[in-house]
Amino acid sequence: MAIRNLRIEGDPILRKTSRVVEELNENIINLIEDMKETMYLNEGVGLAAPQVGVLKRVVVVDVGDVDEDDEQLGKGEDIPDGAIVLINPEIIKQDGEQVGLEGCLSVPQRSGEVKRPSHIIVKAKNENFEDVEFEARNFFARAICHEIDHLNGILYIDKLENTQE
């Protein structure tokens, strides 16, 4: 496992569309472990492969340490404990609306309000390359949407309602 360098706004790789992962191999397994380690070291709640310079459709998300009293999280929300790995994730259904504050490891020292769906259904492969489908709400949904945007070359700053420095 290794800490990978974060790509920062202005790096052209952040604006490219990531490629589908066709198989789980040693390179993808190492990428996933490196992404988790890099995310935790940088105190993020999610990380997408393009943020570490790899144009593959892989994200890791861990909102388990978010303050449970946080209004963004939502009461009674079913949040996984620990990091989840999503390979080739797709949002197959979305509804509702929420506006909330977002930041990004690739856009340091900035944050802003972004409109996202409040409920999503996601289809992906997990870290064992098994098909998974699950629901996410509120902050968990926001984090997944944010990371999937990265796979499509979109940064949260492209969707700002208003900004804070």
Side-chain angles (χ1 to χ4, degrees), residues 1-63 80 83-94 97-117 120-134 136 139-165:
M1 295 197 312
I3 301 298
R4 300 223 184 175
N5 291 327
L6 290 172
R7 301 299 180 105
I8 303 300
E9 178 190 9
D11 188 318
I13 202 165
L14 293 173
R15 295 304 188 164
K16 295 185 178 178
T17 301
S18 296
R19 295 181 300 275
V20 169
V21 175
E22 301 291 345
E23 66 176 346
L24 187 63
N25 57 38
E26 191 174 331
N27 288 338
I28 297 299
I29 293 168
N30 289 337
L31 171 66
I32 290 166
E33 292 308 312
D34 291 353
M35 286 174 61
K36 287 181 193 176
E37 195 171 337
T38 303
M39 176 182 70
Y40 290 132
L41 178 75
N42 289 281
E43 299 180 1
V45 297
L47 193 67
Q51 292 179 273
V52 293
V54 179
L55 285 174
K56 292 288 187 179
R57 298 189 76 77
V58 177
V59 302
V60 295
V61 176
D62 186 350
V63 296
I84 64 161
V85 175
L86 301 174
I87 301 169
N88 303 328
E90 296 176 61
I91 296 170
I92 57 173
K93 183 177 180 200
Q94 63 182 39
E97 185 178 286
Q98 61 173 316
V99 176
L101 198 61
E102 292 188 22
C104 181
L105 296 175
S106 292
V107 187
Q109 280 95 40
R110 287 177 64 191
S111 61
E113 291 187 338
V114 178
K115 187 184 299 183
R116 301 274 188 195
I120 60 175
I121 298 177
V122 179
K123 184 174 114 178
K125 300 238 184 236
N126 65 14
E127 65 274 11
N128 299 314
F129 218 62
E130 301 163 333
D131 291 327
V132 294
E133 187 174 305
F134 63 94
F139 186 71
F140 186 31
R142 170 177 300 285
I144 291 170
C145 289
H146 177 111
E147 299 310 327
I148 290 175
D149 275 353
H150 276 296
L151 302 180
N152 297 316
I154 299 167
L155 298 177
Y156 86 95
I157 55 177
D158 301 334
K159 298 183 170 195
L160 285 178
E161 299 276 313
N162 62 56
T163 185
Q164 297 179 10
E165 296 292 327

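When a residue number appears, it is its place in the shown sequence, counting from 1.
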Listed partners of [X] passing side chain to side chain contact (heavy atoms under 4.5 Å, CB included), at least two apart:
{"X": "Glu130", "value": "Asn126, Asn128"}
{"X": "Asp158", "value": "Arg15, Ile154, Leu155"}
{"X": "Lys125", "value": "Ile87, Phe129, Asp131"}

For [X], what residues pass the side-chain hydrogen bond (donor to acceptor under 3.5 Å, both in side chains) criterion, not counting sequence neighbours?
{"X": "Asn27", "value": "none"}
{"X": "His150", "value": "His146"}
{"X": "Asn42", "value": "none"}

Output the distance between atom [atom1] ([X]) and atom [atom2] ([Y]), rounded to the nearest 0.5 Å.
{"X": "Ile121", "Y": "Ile92", "atom1": "CD1", "atom2": "CD1", "result": "5.5 Å"}
{"X": "Met35", "Y": "Leu47", "atom1": "CE", "atom2": "CG", "result": "4.5 Å"}
{"X": "Phe134", "Y": "Lys123", "atom1": "CZ", "atom2": "NZ", "result": "13.0 Å"}
{"X": "Gln109", "Y": "Cys104", "atom1": "CD", "atom2": "SG", "result": "12.0 Å"}
{"X": "Ile32", "Y": "Glu37", "atom1": "CD1", "atom2": "CD", "result": "14.0 Å"}
{"X": "Lys115", "Y": "Cys145", "atom1": "NZ", "atom2": "SG", "result": "13.5 Å"}

Phe140 vs Ile120, side chain to side chain contact (heavy atoms under 4.5 Å, CB included): CA-CA, chis, key distance, verdict: CA-CA 9 Å; Phe140 186 31; Ile120 60 175; over 6 Å; no

Side chain to side chain contact (heavy atoms under 4.5 Å, CB included) between Phe139 and Ile144, intermediate numbers included: CA-CA 9 Å; Phe139 186 71; Ile144 291 170; over 6 Å; no

Any side-chain heavy-atom pair of Leu24 and Ile29 under 4.5 Å: yes

Asp62 side chain reached by Tyr40 side chain, heavy atoms, under 4.5 Å: yes

Pairs meeting criterion salt bridge (charged side-chain N to carboxylate O under 4.0 Å, His left out) with involvement of residues 2-11, two or more places apart: Arg4-Asp34, Arg7-Asp11, Glu9-Arg110

Salt bridge (charged side-chain N to carboxylate O under 4.0 Å, His left out) with [X]: which residues, sequence neighbours excluded?
{"X": "Glu90", "result": "none"}
{"X": "Asp149", "result": "Arg116, Lys159"}
{"X": "Lys93", "result": "none"}
{"X": "Lys36", "result": "Glu33"}

Check against side chain to side chain contact (heavy atoms under 4.5 Å, CB included), Glu23 and Ile28: CA-CA 8 Å; Glu23 66 176 346; Ile28 297 299; over 6 Å; no

Side chains of residues 51-58: which donor-acceptor pairs under 3.5 Å do they make with residues two or more places apart or in other chains?
| residue | atom | partner | partner atom | Å |
| --- | --- | --- | --- | --- |
| Gln51 | OE1 | Ala48 | N | 2.9 |
| Gln51 | NE2 | Ser106 | OG | 3.1 |
| Arg57 | NH1 | Ser18 | O | 3.4 |
| Arg57 | NH1 | Leu151 | O | 3.1 |
| Arg57 | NH1 | Asn152 | OD1 | 3.2 |
| Arg57 | NH2 | Asn152 | OD1 | 3.2 |

